[in-house]
*Asks:* 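Below is one structure. I have some questions about it.
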Amino acid sequence: MNAISRLATVISLASLLPVAAFPVSTLAAESKGSVEVVHWWTSGGEKAAVDVLKAQVEKDGFTWKDGAVAGGGGSTAMTVLKSRAVAGNPPGVAQIKGPDIQEWASTGLLDTDVLKDVAKQEKWDSLLDKKVSDTVKYDGDYVAVPVNIHRVNWLWINPEVFKKAGIEKPPTTLQEFYAAGDKLKAAGFIPLAHGGQPWQDSTVFEAVVLSVMGVDGYKKALVDLDNKALTGPEMVKALTELKKVATYMDADGKGQDWNLEAAKVINGKAGMQIMGDWAKSEWTAAKKVAGKDYECVAFPGTDKAFTYNIDSLAVFKQKDKGTAAGQQDIAKVVLGENFQKVFSINKGSIPVRNDMLGDMAQYGFDSCAQTAAKDFLAGAKTGGLQPSMAHNMATTLAVQGAFFDVVTNFINDPKADPADAAKKLGAAVQSAK
Ligand code: GAL
């Protein structure tokens, strides 16, 4: 059974269960309506960003019901969302990404009408790159509003720690990365802050695949799911390098949240972290300045590529008119120029609006965000722009789960063999397709 029919089967059970009434009675008398928003933006920096949206929606007269579900990468939030849908009680709005949006839309639970007028009035089609708008449409209709664009293939560096360890410049090749790791180790620092959760393991895996296999190889293996690319010699080489990268990972990082690992780099205990630019939200929240207190560089060997991760808020069908008005308000706010600026500055991302990406300095974005926007626009022309597998942009959740299992087992098994792991990867992905 493919992923879409799997989700559809689960969801169709919902019709057998009583539909939970929307808690209209809890609305404040003066509220224009209430919208519950399910998301996983719960770290300090992420919360600062989502609070910008909440404040604006409340200012517009709606009641914001916060449906935050902790857990980086969102797999816990997705589990909660599925059980809410099965119980016939989906929230008005939920953070869903990539091909998963289409999968949800195919169950009939997403609203294909509610965003029509806003999208037309606000000219979303011309504001957004086609890659972005295609992600949030189902059969030509918007079923989600894109919020921001994250780059995933970053390396975050504490320059003071580098200096103390005698490292002169950020690594640009895997060999330089290992050399830096060795110096950090020798100087008593954690070389690579890393939380050993499956999505974090796969964030590192895809960066290494990109570095070793290049953009074409990355696309064949992680986007097209080509069996030869998944099991071939290049993948074996990537897995061999991944095992080496793993030797620099934080020994206390097993099961650790990404933001707690980011804090180790911020506080000078660790030298580096491989993480998408939501990591910057933690540096920003700690009042650190890009280019001075920390460095952001593309993961070694990937500077011509940009693995993207677009956060989006999908709209679920609701019976209540106030909720529909609230969903429309959220959508309108989200693509507004001011929100795009303030949210992304807090979140570490870049705007989704094309008109803003071309002139980032004007909006007060820092050097990391300016580089990201430049590389995003360049990557759109050269093909260097590729969807992140680890962040639900390239495949369905079922296929992503297959990657996660093989990669995490490989990292944790001291006897793991790269050639054997590549075979397992091919088999697991083919059966999850
Ligand atoms: C990503 C998400 C980001 C950030 C990160 C850590 O998947 O797109 O917005 O929240 O997870 O939780």
Side-chain angles (χ1 to χ4, degrees), residues 37-54 66-81 93-101 132 135-136 144-154 156 193-207 222 253 255-263 265 273-285 306-314 334 339-340 343-352 368-369 372 376 386-397 400-401 403-404:
V37 184
V38 165
H39 62 89
W40 62 91
W41 292 322
T42 54
S43 78
E46 290 175 319
K47 190 175 176 311
V50 77
D51 280 351
V52 175
L53 182 57
K54 179 174 180 253
D66 201 52
V69 180
S75 49
T76 316
M78 289 303 102
T79 307
V80 169
L81 193 61
V93 171
Q95 185 186 355
I96 308 179
K97 292 189 298 185
D100 234 28
I101 296 176
V132 179
T135 311
V136 288
V145 55
V147 182
N148 60 343
I149 301 168
H150 278 299
R151 184 189 203 170
V152 184
N153 57 317
W154 283 117
W156 303 90
H194 177 79
Q197 297 170 344
W199 72 271
Q200 294 185 62
D201 292 342
S202 278
T203 298
V204 175
F205 163 72
E206 72 176 27
L222 271 49
Q256 192 70 272
D257 289 335
W258 66 272
N259 50 315
L260 301 180
E261 289 297 317
V265 192
Q273 184 181 27
I274 301 164
M275 187 50 67
D277 44 21
W278 48 91
K280 203 178 80 178
S281 69
E282 297 303 298
W283 290 92
T284 305
F306 185 118
T307 40
Y308 66 87
N309 172 20
I310 304 167
D311 284 319
S312 324
L313 294 172
V334 160
F339 174 82
Q340 283 286 308
F343 181 86
S344 266
I345 285 179
N346 280 292
K347 186 76 166 62
S349 47
I350 57 173
V352 276
C368 296
F376 179 86
Q386 291 297 327
S388 162
M389 177 280 291
H391 294 277
N392 323 357
M393 297 304 300
T395 71
T396 60
L397 288 184
Q400 189 202 48
F403 275 109
F404 281 14

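One-based numbering, in listed order, for ligands and for the atoms of each. All residue numbers in this chain count up from 1 along the given sequence.
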*Asks:* Before you tell me yes or no, could you show the steps for Tyr308 and Val132 under side chain to side chain contact (heavy atoms under 4.5 Å, CB included), namely the whole-Å CA-CA distance, both residues' side-chain angles and the distance that decides it to 0.1 Å?
*Replies:* CA-CA 10 Å; Tyr308 66 87; Val132 179; over 6 Å; no

*Asks:* Quick one, Lys347 with Trp278, criterion side chain to side chain contact (heavy atoms under 4.5 Å, CB included). Give me CA distance, side-chain angles, the key distance, then yes/no.
*Replies:* CA-CA 6 Å; Lys347 186 76 166 62; Trp278 48 91; 3.8 Å; yes

*Asks:* Kindly confirm or rule out an N or O of Gly72 lying under 3.5 angstrom from an N or O of ligand 1.
*Replies:* no

*Asks:* Can you tell me which residue and heavy atom of the protein come closest to atom 7 (O) of ligand 1, and the distance to 0.1 Å?
*Replies:* Lys97 NZ, 2.6 Å

*Asks:* Can Asn153 and Glu206 be counted as having a side-chain donor-acceptor contact under 3.5 angstrom?
*Replies:*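 Judged by distance alone, the side chains do not pair up.
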
*Asks:* List the closest protein heavy-atom neighbour of atom 8 (O) of ligand 1: residue, atom name, distance to the nearest 0.1 Å.
*Replies:*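 The protein heavy atom lying closest is Asp311 OD1, 2.6 Å.
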
*Asks:* Do you know which two heavy atoms are closest between Gln340 and Val147, and how far apart they sit?
*Replies:*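 So the minimum-distance heavy-atom pair works out to NE2-O, 3.0 Å.
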
*Asks:* Only heavy atoms of Trp41, strictly under 4.0 Å: list the atoms of ligand 1 that pass.
*Replies:* 9 (O), 10 (O)

*Asks:* Going by distance alone, is a donor N or O of one side chain under 3.5 Å from an acceptor N or O of the other, for Asn259 and Ser43?
*Replies:* no

*Asks:* Would you mind running through ligand 1 and noting each atom that sits below 4.0 Å from a heavy atom of Asn309?
*Replies:*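 Counting atoms of ligand 1 from 1, those under 4.0 Å from Asn309 are 1 (C), 2 (C), 7 (O), 8 (O).
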
*Asks:* Which of the numbered atoms in ligand 1 are below 4.0 angstrom from a heavy atom of Trp40?
*Replies:*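 Reading through ligand 1 atom by atom, the close ones are 1 (C), 2 (C), 7 (O), 10 (O), 11 (O), 12 (O).
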
*Asks:* So, Asn392 side chain and Gly98 main chain: donor-acceptor pair closer than 3.5 Å or not?
*Replies:*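 It does not hold such a pair.
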
*Asks:* Considering distance alone, does some N or O of Trp199 sit under 3.5 Å from an N or O of ligand 1?
*Replies:*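 No, since none of the N or O atoms of Trp199 sits under 3.5 Å from an N or O of ligand 1.
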
*Asks:* Please work out which of His39, Lys347, Glu46 has its closest non-hydrogen atom nearest to atom 9 (O) of ligand 1.
*Replies:*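 Going through His39, Lys347, Glu46 one by one, Lys347 has the nearest heavy atom to atom 9 (O) of ligand 1.
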
*Asks:* Can you find a non-hydrogen atom of Gly74 under 4.0 Å from ligand 1?
*Replies:*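 Under 4.0 Å: no for Gly74.
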
*Asks:* Give the ring-plane orientation class for Phe376 versus Phe306, where under 30° counts as parallel, over 60° as perpendicular and anything between as tilted.
*Replies:*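 Because their plane-to-plane angle is over 60°, the rings of Phe376 and Phe306 count as perpendicular.
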
*Asks:* Below 4.0 angstrom from a heavy atom of Gly73, which ligand 1 atoms are there? Numbered from 1 as shown, please.
*Replies:*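 Listed by number with element: 6 (C), 7 (O), 11 (O), 12 (O).
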
